[in-house]
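Throughout, numbering of the chain's residues begins at 1 and tracks the sequence. Fair warning: this is a prediction, and the values are worked out from it, not measured in the lab.
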Amino acid sequence: MKKLVFLCTFSLGLFLLFVFFGASKYKTTGKQAKAKENVSFFSRLVKKAKELSFTPYLQPAPVPGQLSNLSYDQWFGISFKDQRGIIPNESRFVIKPFPLGYLFCQPVFLHLITANDEEKNYDFEPSLFDFKNVELEKLPKNLGFSGFRVFYDSKEKGGWVELFSIVGASYFRSLGLGQTWGLSARAIAVNTTGSSKEEFPYYREFWIEEPKKEDRSLSFYALLDGESLTGAFHFLFTPGETSKVEIENYIFLRKTVEKLGIAPLTSMFLQGENSPLLYNPLHPEEHDSDGLSIQLDTGQWIWRPLQNPPFFSSFDFPIRGKLLGFGLMQRDRNFDHYKSVLLHYESRPSAWIVPSQGWEEGGHVELVELPTTTETKDNIVSYFVSNTPALSQRQFHYAYTIFWGRDVIAGSEIGRVVSTRYAQLDKTIREYIVDFFIPGFSEGLDPQPILLVGQGAKLIELRIERNSYVNGFRLSFKIQRQEAGPIPLKAYLEAKDFPLTETWDYVDFP
(Lines give C-alpha, C1' and ligand atoms only; values in the text may rest on other atoms or scores of the structure.)
Protein backbone atom coordinates (compact mmCIF):
# COMPACT_ATOMS: atom_id res chain seq x y z
CA MET A 1 0.00 0.00 0.00
CA LYS A 2 1.40 3.34 -0.98
CA LYS A 3 2.08 5.72 1.86
CA LEU A 4 -0.42 8.51 1.75
CA VAL A 5 -0.14 11.65 3.81
CA PHE A 6 -3.25 12.56 5.78
CA LEU A 7 -4.05 15.29 8.32
CA CYS A 8 -4.23 14.09 11.96
CA THR A 9 -5.89 16.49 14.37
CA PHE A 10 -6.08 16.20 18.13
CA SER A 11 -8.05 17.60 21.08
CA LEU A 12 -9.29 16.68 24.55
CA GLY A 13 -12.96 16.35 23.53
CA LEU A 14 -13.40 12.56 23.77
CA PHE A 15 -15.73 12.81 26.75
CA LEU A 16 -18.00 15.31 24.99
CA LEU A 17 -17.92 13.19 21.84
CA PHE A 18 -19.13 10.14 23.74
CA VAL A 19 -21.80 12.14 25.53
CA PHE A 20 -23.14 13.55 22.25
CA PHE A 21 -23.18 10.21 20.48
CA GLY A 22 -24.24 8.22 23.49
CA ALA A 23 -20.87 6.43 23.51
CA SER A 24 -21.65 5.33 19.94
CA LYS A 25 -24.17 2.76 21.18
CA TYR A 26 -27.28 2.39 19.08
CA LYS A 27 -29.56 -0.58 19.54
CA THR A 28 -32.88 -0.85 17.78
CA THR A 29 -34.98 -3.56 19.36
CA GLY A 30 -38.56 -4.17 20.43
CA LYS A 31 -40.74 -1.05 20.41
CA GLN A 32 -37.95 1.10 19.01
CA ALA A 33 -37.63 -1.15 15.97
CA LYS A 34 -41.39 -1.01 15.35
CA ALA A 35 -41.45 2.76 15.67
CA LYS A 36 -38.68 3.10 13.09
CA GLU A 37 -39.60 0.33 10.69
CA ASN A 38 -41.07 2.82 8.19
CA VAL A 39 -38.01 5.06 8.29
CA SER A 40 -34.91 3.85 6.48
CA PHE A 41 -31.61 3.75 8.28
CA PHE A 42 -30.14 6.22 5.80
CA SER A 43 -32.94 8.70 6.47
CA ARG A 44 -32.16 8.55 10.17
CA LEU A 45 -28.45 9.01 9.47
CA VAL A 46 -29.17 12.04 7.27
CA LYS A 47 -31.17 13.56 10.10
CA LYS A 48 -28.33 12.85 12.51
CA ALA A 49 -25.77 14.52 10.23
CA LYS A 50 -27.99 17.56 9.83
CA GLU A 51 -28.46 17.92 13.59
CA LEU A 52 -24.71 17.55 14.09
CA SER A 53 -24.08 20.46 11.70
CA PHE A 54 -25.82 22.82 14.16
CA THR A 55 -23.42 21.92 16.99
CA PRO A 56 -19.82 23.09 17.46
CA TYR A 57 -17.17 20.91 15.86
CA LEU A 58 -15.26 18.69 18.29
CA GLN A 59 -11.87 17.46 17.16
CA PRO A 60 -11.18 13.76 17.77
CA ALA A 61 -9.34 12.92 20.95
CA PRO A 62 -5.62 12.18 20.57
CA VAL A 63 -4.60 8.56 20.26
CA PRO A 64 -1.88 7.25 22.59
CA GLY A 65 1.52 8.54 21.52
CA GLN A 66 2.87 5.02 21.21
CA LEU A 67 0.47 4.53 18.26
CA SER A 68 0.98 7.87 16.52
CA ASN A 69 4.75 7.33 16.73
CA LEU A 70 4.65 4.07 14.80
CA SER A 71 6.39 3.95 11.42
CA TYR A 72 4.40 2.98 8.35
CA ASP A 73 5.97 -0.49 8.25
CA GLN A 74 5.18 -1.06 11.94
CA TRP A 75 1.57 0.05 11.51
CA PHE A 76 0.99 -1.92 8.32
CA GLY A 77 2.54 -5.00 9.95
CA ILE A 78 -0.22 -5.11 12.59
CA SER A 79 -2.76 -7.70 11.45
CA PHE A 80 -6.33 -8.56 12.36
CA LYS A 81 -6.34 -12.05 13.88
CA ASP A 82 -9.71 -13.46 12.81
CA GLN A 83 -9.44 -14.61 9.20
CA ARG A 84 -13.24 -14.39 8.85
CA GLY A 85 -13.18 -10.72 9.80
CA ILE A 86 -16.00 -9.05 11.71
CA ILE A 87 -19.00 -10.57 9.87
CA PRO A 88 -20.33 -13.52 11.91
CA ASN A 89 -22.14 -15.30 9.05
CA GLU A 90 -20.69 -16.90 5.94
CA SER A 91 -20.61 -14.68 2.85
CA ARG A 92 -18.35 -13.82 -0.08
CA PHE A 93 -17.11 -10.74 1.81
CA VAL A 94 -14.56 -10.55 4.63
CA ILE A 95 -14.15 -7.23 6.45
CA LYS A 96 -11.07 -6.57 8.57
CA PRO A 97 -10.57 -3.33 10.56
CA PHE A 98 -7.39 -1.27 10.40
CA PRO A 99 -5.80 -0.32 13.74
CA LEU A 100 -5.07 3.26 14.73
CA GLY A 101 -1.48 4.41 14.32
CA TYR A 102 1.16 6.10 12.17
CA LEU A 103 -0.63 8.96 10.31
CA PHE A 104 -4.07 7.38 10.63
CA CYS A 105 -5.07 8.96 13.92
CA GLN A 106 -8.79 9.76 13.71
CA PRO A 107 -10.75 7.19 15.75
CA VAL A 108 -13.49 5.45 13.75
CA PHE A 109 -16.27 3.46 15.41
CA LEU A 110 -17.79 0.43 13.67
CA HIS A 111 -21.31 -0.94 13.87
CA LEU A 112 -23.04 -3.87 12.18
CA ILE A 113 -26.61 -3.80 10.88
CA THR A 114 -28.18 -7.25 11.12
CA ALA A 115 -30.83 -8.77 8.89
CA ASN A 116 -33.35 -7.78 11.58
CA ASP A 117 -32.28 -4.13 11.29
CA GLU A 118 -30.57 -4.21 14.67
CA GLU A 119 -27.45 -2.11 15.17
CA LYS A 120 -24.59 -3.76 17.04
CA ASN A 121 -21.38 -2.09 18.13
CA TYR A 122 -18.12 -3.72 17.09
CA ASP A 123 -15.74 -2.37 19.72
CA PHE A 124 -11.97 -2.20 19.61
CA GLU A 125 -10.03 -4.55 21.86
CA PRO A 126 -6.24 -4.99 21.73
CA SER A 127 -6.70 -8.77 21.62
CA LEU A 128 -8.26 -8.47 18.14
CA PHE A 129 -4.86 -7.68 16.59
CA ASP A 130 -1.50 -9.38 16.26
CA PHE A 131 1.02 -6.60 16.96
CA LYS A 132 3.94 -8.88 16.05
CA ASN A 133 7.24 -7.17 16.96
CA VAL A 134 5.64 -3.84 17.92
CA GLU A 135 6.11 -3.28 21.64
CA LEU A 136 3.12 -1.41 23.06
CA GLU A 137 1.93 -0.70 26.57
CA LYS A 138 -1.59 -1.73 27.48
CA LEU A 139 -4.10 -0.04 25.16
CA PRO A 140 -7.58 0.98 26.36
CA LYS A 141 -10.72 -0.70 25.08
CA ASN A 142 -13.17 1.19 22.85
CA LEU A 143 -10.24 3.11 21.35
CA GLY A 144 -11.71 2.82 17.87
CA PHE A 145 -10.23 1.81 14.52
CA SER A 146 -8.81 3.80 11.61
CA GLY A 147 -10.87 2.17 8.87
CA PHE A 148 -11.39 -1.24 7.28
CA ARG A 149 -10.53 -3.35 4.25
CA VAL A 150 -12.79 -5.64 2.21
CA PHE A 151 -11.83 -9.02 0.76
CA TYR A 152 -13.98 -10.80 -1.83
CA ASP A 153 -14.18 -14.51 -2.53
CA SER A 154 -13.40 -14.42 -6.24
CA LYS A 155 -14.22 -17.60 -8.13
CA GLU A 156 -12.30 -16.20 -11.13
CA LYS A 157 -9.10 -15.67 -9.12
CA GLY A 158 -9.53 -18.78 -6.99
CA GLY A 159 -9.64 -17.24 -3.53
CA TRP A 160 -9.89 -14.16 -1.38
CA VAL A 161 -8.84 -10.90 -3.00
CA GLU A 162 -8.66 -7.46 -1.36
CA LEU A 163 -10.61 -5.07 -3.59
CA PHE A 164 -11.61 -2.17 -1.34
CA SER A 165 -10.15 -0.25 1.60
CA ILE A 166 -11.03 2.87 3.51
CA VAL A 167 -8.54 4.46 5.91
CA GLY A 168 -7.28 7.91 6.87
CA ALA A 169 -9.68 10.90 7.07
CA SER A 170 -12.21 10.16 4.29
CA TYR A 171 -9.98 8.37 1.76
CA PHE A 172 -10.98 5.11 0.10
CA ARG A 173 -9.91 3.13 -2.94
CA SER A 174 -10.82 0.11 -5.00
CA LEU A 175 -9.65 -1.84 -8.03
CA GLY A 176 -10.73 -4.49 -10.50
CA LEU A 177 -9.82 -8.16 -10.31
CA GLY A 178 -6.20 -8.78 -11.26
CA GLN A 179 -5.07 -5.19 -10.76
CA THR A 180 -2.70 -3.50 -8.29
CA TRP A 181 -3.46 -0.60 -5.94
CA GLY A 182 -3.22 2.89 -7.37
CA LEU A 183 -5.27 6.06 -7.08
CA SER A 184 -7.73 6.92 -4.29
CA ALA A 185 -11.02 8.75 -3.82
CA ARG A 186 -12.36 10.63 -0.81
CA ALA A 187 -15.66 11.89 0.51
CA ILE A 188 -15.22 15.61 -0.14
CA ALA A 189 -12.53 18.21 -0.87
CA VAL A 190 -12.65 21.41 1.20
CA ASN A 191 -10.62 24.44 0.06
CA THR A 192 -8.03 22.41 -1.84
CA THR A 193 -7.27 25.60 -3.78
CA GLY A 194 -8.01 29.21 -2.93
CA SER A 195 -7.10 31.53 -0.09
CA SER A 196 -8.61 29.44 2.74
CA LYS A 197 -6.79 26.63 4.54
CA GLU A 198 -7.55 23.16 3.23
CA GLU A 199 -9.62 20.98 5.55
CA PHE A 200 -9.87 17.19 5.79
CA PRO A 201 -13.25 16.07 7.18
CA TYR A 202 -13.18 12.50 8.45
CA TYR A 203 -15.51 9.55 8.89
CA ARG A 204 -16.50 9.25 12.55
CA GLU A 205 -18.61 6.10 12.31
CA PHE A 206 -19.48 3.30 9.91
CA TRP A 207 -22.54 1.07 9.85
CA ILE A 208 -22.02 -2.08 7.77
CA GLU A 209 -24.94 -4.21 6.64
CA GLU A 210 -24.15 -7.85 7.25
CA PRO A 211 -24.05 -9.45 3.78
CA LYS A 212 -25.92 -12.66 3.12
CA LYS A 213 -24.27 -15.68 1.57
CA GLU A 214 -25.75 -14.94 -1.85
CA ASP A 215 -24.98 -11.19 -1.85
CA ARG A 216 -22.62 -9.88 -4.53
CA SER A 217 -22.60 -6.30 -3.21
CA LEU A 218 -21.67 -4.81 0.17
CA SER A 219 -23.71 -1.93 1.62
CA PHE A 220 -22.47 0.39 4.34
CA TYR A 221 -23.03 3.90 5.72
CA ALA A 222 -20.78 6.61 7.10
CA LEU A 223 -21.09 9.75 9.21
CA LEU A 224 -18.72 12.49 8.09
CA ASP A 225 -17.61 15.33 10.36
CA GLY A 226 -15.35 18.32 9.92
CA GLU A 227 -14.74 21.89 10.94
CA SER A 228 -16.95 23.34 8.19
CA LEU A 229 -19.43 20.55 7.39
CA THR A 230 -21.03 17.22 8.22
CA GLY A 231 -22.34 14.51 5.93
CA ALA A 232 -24.25 11.25 5.63
CA PHE A 233 -23.02 8.71 3.07
CA HIS A 234 -24.33 5.45 1.66
CA PHE A 235 -21.91 3.18 -0.22
CA LEU A 236 -22.76 0.12 -2.31
CA PHE A 237 -19.62 -1.75 -3.34
CA THR A 238 -19.82 -4.34 -6.14
CA PRO A 239 -16.54 -6.12 -7.00
CA GLY A 240 -15.62 -7.53 -10.41
CA GLU A 241 -13.29 -7.17 -13.39
CA THR A 242 -14.51 -3.60 -13.20
CA SER A 243 -15.52 -2.88 -9.61
CA LYS A 244 -17.99 -0.13 -8.83
CA VAL A 245 -18.82 1.98 -5.80
CA GLU A 246 -22.26 3.62 -5.85
CA ILE A 247 -22.40 6.64 -3.54
CA GLU A 248 -25.22 8.81 -2.26
CA ASN A 249 -24.49 11.64 0.14
CA TYR A 250 -26.02 14.62 1.92
CA ILE A 251 -23.64 17.42 2.87
CA PHE A 252 -24.55 20.02 5.54
CA LEU A 253 -22.48 23.20 5.86
CA ARG A 254 -21.60 24.42 9.36
CA LYS A 255 -20.09 27.52 7.80
CA THR A 256 -19.37 28.96 4.37
CA VAL A 257 -16.75 27.07 2.36
CA GLU A 258 -14.74 28.89 -0.28
CA LYS A 259 -14.51 25.84 -2.54
CA LEU A 260 -16.34 22.54 -2.13
CA GLY A 261 -15.00 19.71 -4.29
CA ILE A 262 -17.43 16.90 -5.09
CA ALA A 263 -16.27 13.32 -5.82
CA PRO A 264 -12.53 14.07 -5.50
CA LEU A 265 -9.95 11.67 -6.91
CA THR A 266 -6.33 11.67 -5.75
CA SER A 267 -3.43 10.22 -7.71
CA MET A 268 0.31 10.34 -8.36
CA PHE A 269 2.26 11.45 -11.43
CA LEU A 270 6.04 11.60 -11.12
CA GLN A 271 7.17 11.21 -14.72
CA GLY A 272 5.90 10.10 -18.11
CA GLU A 273 6.56 10.23 -21.83
CA ASN A 274 5.78 13.96 -21.78
CA SER A 275 8.17 14.79 -18.92
CA PRO A 276 11.16 17.06 -19.66
CA LEU A 277 12.98 15.71 -16.58
CA LEU A 278 13.29 12.11 -15.37
CA TYR A 279 13.78 11.60 -11.64
CA ASN A 280 14.35 7.87 -12.08
CA PRO A 281 15.87 6.93 -15.47
CA LEU A 282 15.56 3.22 -14.63
CA HIS A 283 11.76 3.55 -14.81
CA PRO A 284 10.94 5.93 -17.70
CA GLU A 285 7.34 6.31 -16.49
CA GLU A 286 6.07 6.31 -12.92
CA HIS A 287 2.44 7.26 -12.35
CA ASP A 288 -0.84 5.91 -11.02
CA SER A 289 -2.74 7.89 -13.67
CA ASP A 290 -1.64 9.53 -16.90
CA GLY A 291 -4.58 11.76 -17.77
CA LEU A 292 -7.88 13.42 -16.87
CA SER A 293 -10.82 12.49 -19.11
CA ILE A 294 -14.07 14.48 -19.28
CA GLN A 295 -17.27 13.64 -21.21
CA LEU A 296 -19.95 16.28 -21.93
CA ASP A 297 -23.45 15.82 -23.30
CA THR A 298 -22.52 18.07 -26.23
CA GLY A 299 -20.57 15.12 -27.64
CA GLN A 300 -17.23 16.62 -26.66
CA TRP A 301 -14.55 14.58 -24.93
CA ILE A 302 -11.54 16.25 -23.29
CA TRP A 303 -8.20 14.58 -22.55
CA ARG A 304 -5.67 16.38 -20.35
CA PRO A 305 -2.36 14.48 -20.02
CA LEU A 306 -1.08 14.82 -16.46
CA GLN A 307 2.19 16.53 -15.63
CA ASN A 308 4.61 16.97 -12.76
CA PRO A 309 4.63 20.78 -12.96
CA PRO A 310 7.46 23.12 -11.92
CA PHE A 311 5.07 24.85 -9.49
CA PHE A 312 1.60 24.49 -7.95
CA SER A 313 -0.97 24.55 -10.77
CA SER A 314 -4.75 24.53 -10.87
CA PHE A 315 -6.97 24.46 -13.99
CA ASP A 316 -10.72 24.68 -14.47
CA PHE A 317 -12.72 22.90 -17.19
CA PRO A 318 -16.12 24.67 -17.46
CA ILE A 319 -19.14 22.42 -17.94
CA ARG A 320 -21.30 23.85 -20.71
CA GLY A 321 -24.25 21.53 -20.84
CA LYS A 322 -24.36 18.37 -18.73
CA LEU A 323 -21.41 16.50 -17.28
CA LEU A 324 -21.72 12.85 -18.28
CA GLY A 325 -18.52 11.65 -16.67
CA PHE A 326 -14.97 12.40 -15.62
CA GLY A 327 -12.06 10.52 -14.14
CA LEU A 328 -8.35 10.01 -13.71
CA MET A 329 -7.24 7.33 -16.14
CA GLN A 330 -4.29 5.00 -16.59
CA ARG A 331 -4.33 4.51 -20.38
CA ASP A 332 -0.78 3.31 -20.89
CA ARG A 333 -0.79 -0.48 -20.27
CA ASN A 334 2.62 -1.28 -21.76
CA PHE A 335 5.05 -2.79 -19.24
CA ASP A 336 8.04 -1.69 -21.33
CA HIS A 337 7.09 1.93 -20.71
CA TYR A 338 7.44 1.47 -16.93
CA LYS A 339 9.93 -1.40 -16.51
CA SER A 340 9.04 -2.05 -12.85
CA VAL A 341 8.55 -5.71 -11.92
CA LEU A 342 7.61 -4.74 -8.35
CA LEU A 343 5.23 -1.79 -8.72
CA HIS A 344 3.28 -2.80 -11.86
CA TYR A 345 2.14 0.66 -12.88
CA GLU A 346 0.68 -0.85 -16.06
CA SER A 347 -1.84 -2.75 -13.90
CA ARG A 348 -3.15 0.15 -11.83
CA PRO A 349 -6.84 1.03 -12.15
CA SER A 350 -8.52 3.96 -13.77
CA ALA A 351 -11.43 5.60 -11.91
CA TRP A 352 -14.40 6.89 -13.91
CA ILE A 353 -17.19 8.87 -12.22
CA VAL A 354 -20.73 8.85 -13.63
CA PRO A 355 -23.00 11.51 -12.04
CA SER A 356 -26.68 10.83 -11.35
CA GLN A 357 -28.28 13.24 -8.84
CA GLY A 358 -27.37 16.78 -7.78
CA TRP A 359 -25.08 17.68 -10.67
CA GLU A 360 -27.62 19.71 -12.64
CA GLU A 361 -26.56 23.15 -11.38
CA GLY A 362 -23.56 23.38 -13.67
CA GLY A 363 -20.03 24.13 -12.61
CA HIS A 364 -16.55 22.99 -13.56
CA VAL A 365 -14.12 20.12 -13.16
CA GLU A 366 -10.91 21.23 -11.48
CA LEU A 367 -7.49 19.63 -11.86
CA VAL A 368 -4.77 20.34 -9.30
CA GLU A 369 -1.15 19.35 -9.99
CA LEU A 370 1.68 19.76 -7.50
CA PRO A 371 5.41 19.32 -8.06
CA THR A 372 7.02 16.24 -6.54
CA THR A 373 10.38 14.48 -6.63
CA THR A 374 9.17 11.09 -5.37
CA GLU A 375 6.58 8.48 -6.31
CA THR A 376 5.53 8.01 -2.68
CA LYS A 377 3.35 11.13 -2.47
CA ASP A 378 0.10 11.88 -4.25
CA ASN A 379 0.34 15.15 -6.20
CA ILE A 380 -2.78 15.02 -8.39
CA VAL A 381 -6.34 15.92 -7.36
CA SER A 382 -9.47 16.32 -9.48
CA TYR A 383 -13.08 17.04 -8.49
CA PHE A 384 -16.30 18.79 -9.51
CA VAL A 385 -17.22 22.26 -8.21
CA SER A 386 -20.83 23.41 -8.46
CA ASN A 387 -21.84 26.93 -9.48
CA THR A 388 -24.01 27.01 -6.35
CA PRO A 389 -22.08 28.76 -3.54
CA ALA A 390 -21.30 26.59 -0.51
CA LEU A 391 -22.83 28.95 2.05
CA SER A 392 -23.31 28.39 5.76
CA GLN A 393 -26.32 26.15 6.65
CA ARG A 394 -26.79 25.15 3.01
CA GLN A 395 -27.14 21.48 2.16
CA PHE A 396 -26.16 19.49 -0.93
CA HIS A 397 -27.31 16.11 -2.18
CA TYR A 398 -25.24 14.11 -4.67
CA ALA A 399 -25.32 10.61 -6.10
CA TYR A 400 -22.77 9.07 -8.44
CA THR A 401 -20.95 5.85 -9.29
CA ILE A 402 -17.18 5.32 -9.45
CA PHE A 403 -16.02 2.54 -11.77
CA TRP A 404 -12.57 1.10 -10.99
CA GLY A 405 -10.66 -1.07 -13.45
CA ARG A 406 -8.75 -1.37 -16.69
CA ASP A 407 -11.45 -0.38 -19.18
CA VAL A 408 -13.94 1.67 -17.19
CA ILE A 409 -15.52 3.80 -19.94
CA ALA A 410 -18.16 2.38 -22.24
CA GLY A 411 -17.03 2.11 -25.85
CA SER A 412 -17.04 5.35 -27.79
CA GLU A 413 -16.71 6.01 -31.50
CA ILE A 414 -14.65 9.13 -30.86
CA GLY A 415 -10.90 8.92 -31.44
CA ARG A 416 -8.66 9.18 -28.41
CA VAL A 417 -5.16 10.31 -27.56
CA VAL A 418 -2.66 7.45 -27.29
CA SER A 419 0.46 9.36 -26.32
CA THR A 420 1.94 12.83 -25.87
CA ARG A 421 5.65 13.52 -26.37
CA TYR A 422 7.68 16.66 -25.92
CA ALA A 423 11.17 17.90 -26.88
CA GLN A 424 13.05 21.12 -26.16
CA LEU A 425 14.79 21.96 -29.45
CA ASP A 426 16.49 25.16 -28.28
CA LYS A 427 15.91 27.89 -25.72
CA THR A 428 12.56 28.98 -27.16
CA ILE A 429 11.42 26.28 -29.61
CA ARG A 430 9.56 23.16 -28.48
CA GLU A 431 8.14 20.27 -30.45
CA TYR A 432 5.09 18.19 -29.56
CA ILE A 433 3.98 14.84 -30.99
CA VAL A 434 0.45 13.64 -30.25
CA ASP A 435 -0.77 10.23 -31.49
CA PHE A 436 -4.51 9.69 -32.01
CA PHE A 437 -6.19 6.29 -32.24
CA ILE A 438 -9.25 6.30 -34.55
CA PRO A 439 -11.91 3.57 -34.06
CA GLY A 440 -12.75 2.03 -37.42
CA PHE A 441 -9.59 3.48 -38.90
CA SER A 442 -9.52 3.29 -42.69
CA GLU A 443 -7.07 4.38 -45.34
CA GLY A 444 -9.71 6.65 -46.84
CA LEU A 445 -9.74 9.02 -43.88
CA ASP A 446 -8.36 12.49 -44.55
CA PRO A 447 -8.61 14.36 -41.23
CA GLN A 448 -7.76 18.00 -40.74
CA PRO A 449 -5.87 19.09 -37.63
CA ILE A 450 -7.33 21.87 -35.50
CA LEU A 451 -4.71 23.43 -33.24
CA LEU A 452 -5.05 26.37 -30.87
CA VAL A 453 -1.94 27.98 -29.37
CA GLY A 454 -2.54 30.35 -26.47
CA GLN A 455 -1.09 33.78 -25.94
CA GLY A 456 2.64 33.77 -25.26
CA ALA A 457 3.77 31.54 -28.14
CA LYS A 458 3.42 31.23 -31.90
CA LEU A 459 3.03 28.20 -34.13
CA ILE A 460 5.98 27.72 -36.47
CA GLU A 461 5.30 24.24 -37.91
CA LEU A 462 2.36 21.83 -38.19
CA ARG A 463 2.01 18.47 -39.91
CA ILE A 464 -0.17 15.33 -39.77
CA GLU A 465 0.67 11.81 -40.96
CA ARG A 466 -0.80 8.34 -40.77
CA ASN A 467 0.40 6.14 -37.93
CA SER A 468 -0.57 2.54 -38.59
CA TYR A 469 1.08 1.43 -35.33
CA VAL A 470 -1.77 3.04 -33.37
CA ASN A 471 -4.44 2.70 -36.09
CA GLY A 472 -4.68 6.45 -36.41
CA PHE A 473 -2.71 9.60 -37.03
CA ARG A 474 0.25 11.51 -35.63
CA LEU A 475 0.01 15.26 -35.12
CA SER A 476 3.38 17.05 -34.88
CA PHE A 477 3.90 20.75 -34.30
CA LYS A 478 6.47 23.24 -33.08
CA ILE A 479 5.90 26.40 -31.06
CA GLN A 480 8.18 29.27 -30.24
CA ARG A 481 7.74 30.67 -26.74
CA GLN A 482 7.63 34.45 -26.46
CA GLU A 483 6.57 34.81 -22.82
CA ALA A 484 7.56 33.15 -19.56
CA GLY A 485 4.17 31.94 -18.24
CA PRO A 486 2.17 28.75 -18.86
CA ILE A 487 0.75 28.54 -22.40
CA PRO A 488 -2.48 26.62 -23.14
CA LEU A 489 -2.55 24.27 -26.13
CA LYS A 490 -5.55 22.49 -27.64
CA ALA A 491 -5.81 20.13 -30.61
CA TYR A 492 -8.16 17.64 -32.24
CA LEU A 493 -8.77 16.05 -35.64
CA GLU A 494 -11.89 16.59 -37.71
CA ALA A 495 -13.33 15.39 -41.01
CA LYS A 496 -16.01 17.24 -42.93
CA ASP A 497 -16.34 19.71 -40.04
CA PHE A 498 -17.11 16.87 -37.62
CA PRO A 499 -14.72 16.01 -34.73
CA LEU A 500 -13.02 12.66 -35.18
CA THR A 501 -11.21 12.74 -31.85
CA GLU A 502 -11.38 14.00 -28.32
CA THR A 503 -9.80 17.36 -27.59
CA TRP A 504 -6.18 17.19 -26.47
CA ASP A 505 -5.94 19.89 -23.81
CA TYR A 506 -2.47 20.74 -22.52
CA VAL A 507 -0.32 23.38 -20.83
CA ASP A 508 3.22 24.20 -21.89
CA PHE A 509 5.10 25.18 -18.73
CA PRO A 510 8.17 27.46 -18.82
Side-chain angles (χ1 to χ4, degrees), residues 1-27 57-88 94-112 119-151 162 165-173 181 184 200-208 222-227 376-377:
M1 180 181 291
K2 179 156 57 69
K3 304 175 186 177
L4 302 178
V5 178
F6 304 108
L7 181 66
C8 290
T9 56
F10 304 97
S11 86
L12 298 178
L14 182 61
F15 175 74
L16 293 177
L17 172 65
F18 270 61
V19 170
F20 183 81
F21 285 97
S24 297
K25 293 181 183 296
Y26 301 100
K27 283 259 188 178
Y57 171 64
L58 295 176
Q59 291 184 340
V63 302
Q66 56 182 328
L67 291 177
S68 59
N69 291 331
L70 293 176
S71 69
Y72 173 82
D73 290 333
Q74 287 176 316
W75 172 82
F76 193 67
I78 301 172
S79 60
F80 192 75
K81 290 181 180 179
D82 190 344
Q83 293 304 305
R84 279 301 310 171
I86 68 175
I87 301 298
V94 164
I95 301 169
K96 297 182 180 181
F98 282 113
L100 288 162
Y102 180 52
L103 296 175
F104 311 119
C105 302
Q106 293 98 339
V108 171
F109 299 96
L110 299 182
H111 315 274
L112 300 178
E119 300 165 34
K120 296 182 178 179
N121 299 330
Y122 192 90
D123 295 326
F124 169 84
E125 291 185 7
S127 61
L128 294 173
F129 292 92
D130 181 358
F131 290 89
K132 297 184 172 65
N133 297 324
V134 179
E135 296 293 335
L136 296 174
E137 297 179 4
K138 186 176 181 180
L139 295 173
K141 294 184 178 181
N142 301 327
L143 188 62
F145 306 94
S146 64
F148 61 89
R149 60 210 302 192
V150 179
F151 297 80
E162 184 180 358
S165 69
I166 189 163
V167 63
S170 69
Y171 287 79
F172 62 95
R173 58 181 179 173
W181 293 110
S184 302
F200 294 84
Y202 74 101
Y203 296 124
R204 293 181 90 145
E205 297 184 72
F206 288 105
W207 291 262
I208 303 170
L223 177 67
L224 186 76
D225 194 13
E227 183 178 347
T376 61
K377 294 183 179 179

J.: Closest heavy-atom contact between Gln106 and Pro60?
T.: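 Closest approach of Gln106 to Pro60, heavy atoms only: CG-CG, 4.1 Å.
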J.: Can any side-chain N or O of Ser146 pair as donor or acceptor with the backbone N or O of Pro99 at less than 3.5 Å?
T.: yes
J.: State the CH2-CZ distance between Trp75 and Phe131, to the nearest 0.5 angstrom.
T.: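 Here the interatomic distance stands at 12.5 Å.
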J.: Are Phe148 and Phe145 an aromatic pair by the rule of ring centers under 6.0 Å?
T.: no
J.: What distance separates Tyr122 OH from His111 NE2, expressed to the nearest 0.5 Å?
T.: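 Rounded to the nearest 0.5 Å, the OH-NE2 separation comes to 13.5 Å.
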J.: Would you check if Val108 and Phe98 make a side-chain contact, meaning some heavy-atom pair closer than 4.5 Å?
T.: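 Answer no - side chains too far apart.
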J.: So Leu112 and Ile87, do their side chains get closer than 4.5 Å, heavy atoms only?
T.: yes
J.: Is there a side chain to side chain contact (heavy atoms under 4.5 Å, CB included) between Tyr57 and Asp225 once you walk through the steps?
T.: CA-CA 8 Å; Tyr57 171 64; Asp225 194 13; 3.7 Å; yes
J.: To check you understand the geometry: which heavy-atom pair defines the closest contact between Leu67 and Leu100, and what is its length?
T.: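 Heavy atoms only, the tightest pair is CD2-O, 3.8 Å.
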J.: Going by the angle between their ring planes, with limits at 30° and 60°, are Tyr203 and Phe206 parallel, tilted or perpendicular?
T.: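 Correct class here is tilted.
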J.: Provide the closest heavy-atom pair for Lys132 versus Ser79 in the form atom of the first, atom of the second, distance.
T.: NZ-OG, 2.8 Å
J.: Does a side-chain heavy-atom distance below 4.5 Å link Gln83 with Lys96?
T.: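 Touching, per the 4.5 Å side-chain cut-off.
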J.: Nearest 0.5 Å, please: how far is OH in Tyr102 from OG in Ser68?
T.: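 OH of Tyr102 is found 12.0 Å from OG of Ser68.
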J.: Between Pro201 and Ser170, is there a side-chain heavy-atom distance shorter than 4.5 Å?
T.: no
J.: Side chains of Lys138 and Pro126: does their closest heavy-atom pair fall under 4.5 Å?
T.: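 No, too far: nothing below the 4.5 Å cut-off.
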J.: Measure across Leu70 and Ile78 and return the closest heavy-atom pair with its distance rounded to 0.1 Å.
T.: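 Answer, listing the atom of Leu70 first, then Ile78: CD1-CD1, 4.0 Å.
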J.: Restricting to non-hydrogen atoms, name the atom on Ser184 and the atom on Arg173 that form the minimum distance, rounded to 0.1 Å.
T.: OG-CD, 3.8 Å
J.: For the NZ atom on Lys141, are there more than 12 heavy atoms of other groups (residues, nucleotides or ligands in this structure) within a distance under 6.0 Å?
T.: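 No, NZ of Lys141 has 12 or fewer neighbouring heavy atoms, counting only those of other groups under 6.0 Å.
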J.: Distance check, rounded to the nearest 0.5 Å: Leu143 atom CG versus Glu125 atom CD?
T.: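 Rounded to the nearest 0.5 Å, the CG-CD separation comes to 12.0 Å.
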J.: Within this structure, what is the CG-OH distance for the pair Leu103 and Tyr72, rounded to the nearest 0.5 Å?
T.: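 Answer rounded to 0.5 Å: 10.5 Å.
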J.: Would you mind reporting whether Leu139 and Gln66 have side-chain heavy atoms less than 4.5 Å apart?
T.: yes
J.: Taking the side chain as every heavy atom from C-beta outward, state whether Val94 and Arg84 have any atom pair closer than 4.5 Å.
T.: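 The answer is yes; the side chains approach within 4.5 Å.
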J.: Please examine the side chains of Leu110 and Ile95, heavy atoms only from C-beta on, and report whether any two atoms are closer than 4.5 Å.
T.: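 Contact flag for Ile95/Leu110 side chains = no.
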